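Everything below concerns the one structure shown next.
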Amino acid sequence: MSVLCGTGDVEQTRALGGALAAVAEPGDVIVLVGELGAGKTAFVQGFAAGSGVSAAVTSPTFTLANRYEGRMVVNHLDVYRFESLDEADDLALPELLEQGVTLVEWGDTIASVLPADRLTVTIRFGSGDSERRFELRGDGATWLGRAERLAAAAEPWSVRDC
């Protein structure tokens, strides 16, 4: 199941993240894929705001993980600096998954240690400087069961040809 959408600026990217927060539930894993500067952290900022987080959300590139409290816990991981899969053990993923939604920037690099049941958000640069294209791909029974809700949440940003 895939949904294609696009945003015209960073505020729309945040708004898309916020809209998808309404579909997420504790225990979910959301993998964020995209080049440097594509908007992964902006997406997480919107997701966190949509989850009732009032704290400033920053990239955990050097701290590896940030935790935010809202209507549900939002775990924000950044594994960009990982040099091997062994480093993923330090994240205590099973415990994080019990405590909220976990968003993983550069998560494709540790995909083999993440649950197969996940939402992958691939962000690509669009034709304009601030434009972004998104592919939202849900894998597993959980996301298959939420396909309609996911498509409805992303509808305002829906595009045919991503």
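It should be emphasised that the depicted structure is a prediction, and the values quoted were computed from it without experimental measurement.
Counting all heavy atoms, side chain and backbone alike, G17 lies closest to F43 at CA-CE1, 3.5 Å. Closest of all the heavy-atom pairs between R132 and G39 is NE-N, 4.5 Å. Nearest approach of G50 to A21, heavy atoms of both residues: C-CB, 3.8 Å. When all heavy atoms of F47 and A24 are compared, the closest pair comes out as CZ-CB, 3.6 Å. Listed here is the closest heavy atom pair of G107 and L114: O-CD1, 3.6 Å. Heavy-atom minimum distance, A116 versus D139: O-CB, 3.5 Å.
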### Task
Give the intermediate values and the outcome of side chain to side chain contact (heavy atoms under 4.5 Å, CB included) for residues L20 and L16.
CA-CA 6 Å; L20 295 186; L16 174 61; 4.3 Å; yes
### Task
For side chain to side chain contact (heavy atoms under 4.5 Å, CB included), just list the numbers for E105 and H76, CA-CA rounded to whole Å, side-chain angles, deciding distance to a tenth of an Å, and then say yes or no.
CA-CA 8 Å; E105 293 192 35; H76 181 197; 2.6 Å; yes
### Task
Show the numbers, then the answer: is there a side chain to side chain contact (heavy atoms under 4.5 Å, CB included) between I110 and V104?
CA-CA 9 Å; I110 62 165; V104 187; 4.3 Å; yes
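With values rounded to the nearest 0.5 angstrom, L32 atom CG is found 10.0 Å from L77 atom CG. How far SG of C5 is from CD of Q12: 11.0 Å, rounded to the nearest 0.5 Å. W143 contributes atom CH2, which lies 8.5 Å from atom CG of D117 (distance to the nearest 0.5 angstrom). For the atom pair R71 CZ and S51 OG, the distance stands at 5.0 Å (nearest 0.5 Å). In this structure, CG on N66 lies 11.5 Å from CG on L103, to the nearest 0.5 angstrom. To the nearest 0.5 Å, atom OH of residue Y68 and atom CG of residue N75 are 10.5 Å apart.
Listed by chain and residue number, nothing satisfies the salt bridge (charged side-chain N to carboxylate O under 4.0 Å, His left out) test with R118 (two or more places apart in sequence, or in another chain). Every residue meeting the side-chain contact (heavy atoms from CB on, under 4.5 Å) condition with V33, not counting sequence neighbours, appears here in chain and number order: V31, D108, T120, T122.
F134 pairs with exactly one of V121, V3, L4 by the side chain to side chain contact (heavy atoms under 4.5 Å, CB included) rule, that one being V121.
Connection of V73 to V29 is not established within any shared hydrophobic cluster, with ILVMFWY side chains joined at heavy-atom distances below 4.5 Å, either directly or through further cluster members. There is a path of hydrophobic side-chain contacts, each under 4.5 Å, that joins V23 to M72. Linking Ile, Leu, Val, Met, Phe, Trp and Tyr whenever their side-chain heavy atoms come within less than 4.5 Å leaves L150 and L144 in two separate clusters. Residues I123 and M1 share a single hydrophobic cluster, defined by chaining ILVMFWY side chains whose heavy atoms lie under 4.5 Å apart. The same ILVMFWY cluster, assembled from side-chain heavy atoms under 4.5 Å apart, contains both V79 and L36.
Side-chain atoms of T7 and E131 form no donor-acceptor pair, as typed in the model, at a separation below 3.5 Å.
Screening residues 13-40 for salt bridge (charged side-chain N to carboxylate O under 4.0 Å, His left out), with sequence neighbours left out, gives E11-R14, E25-R146, E25-R149, D28-R146.
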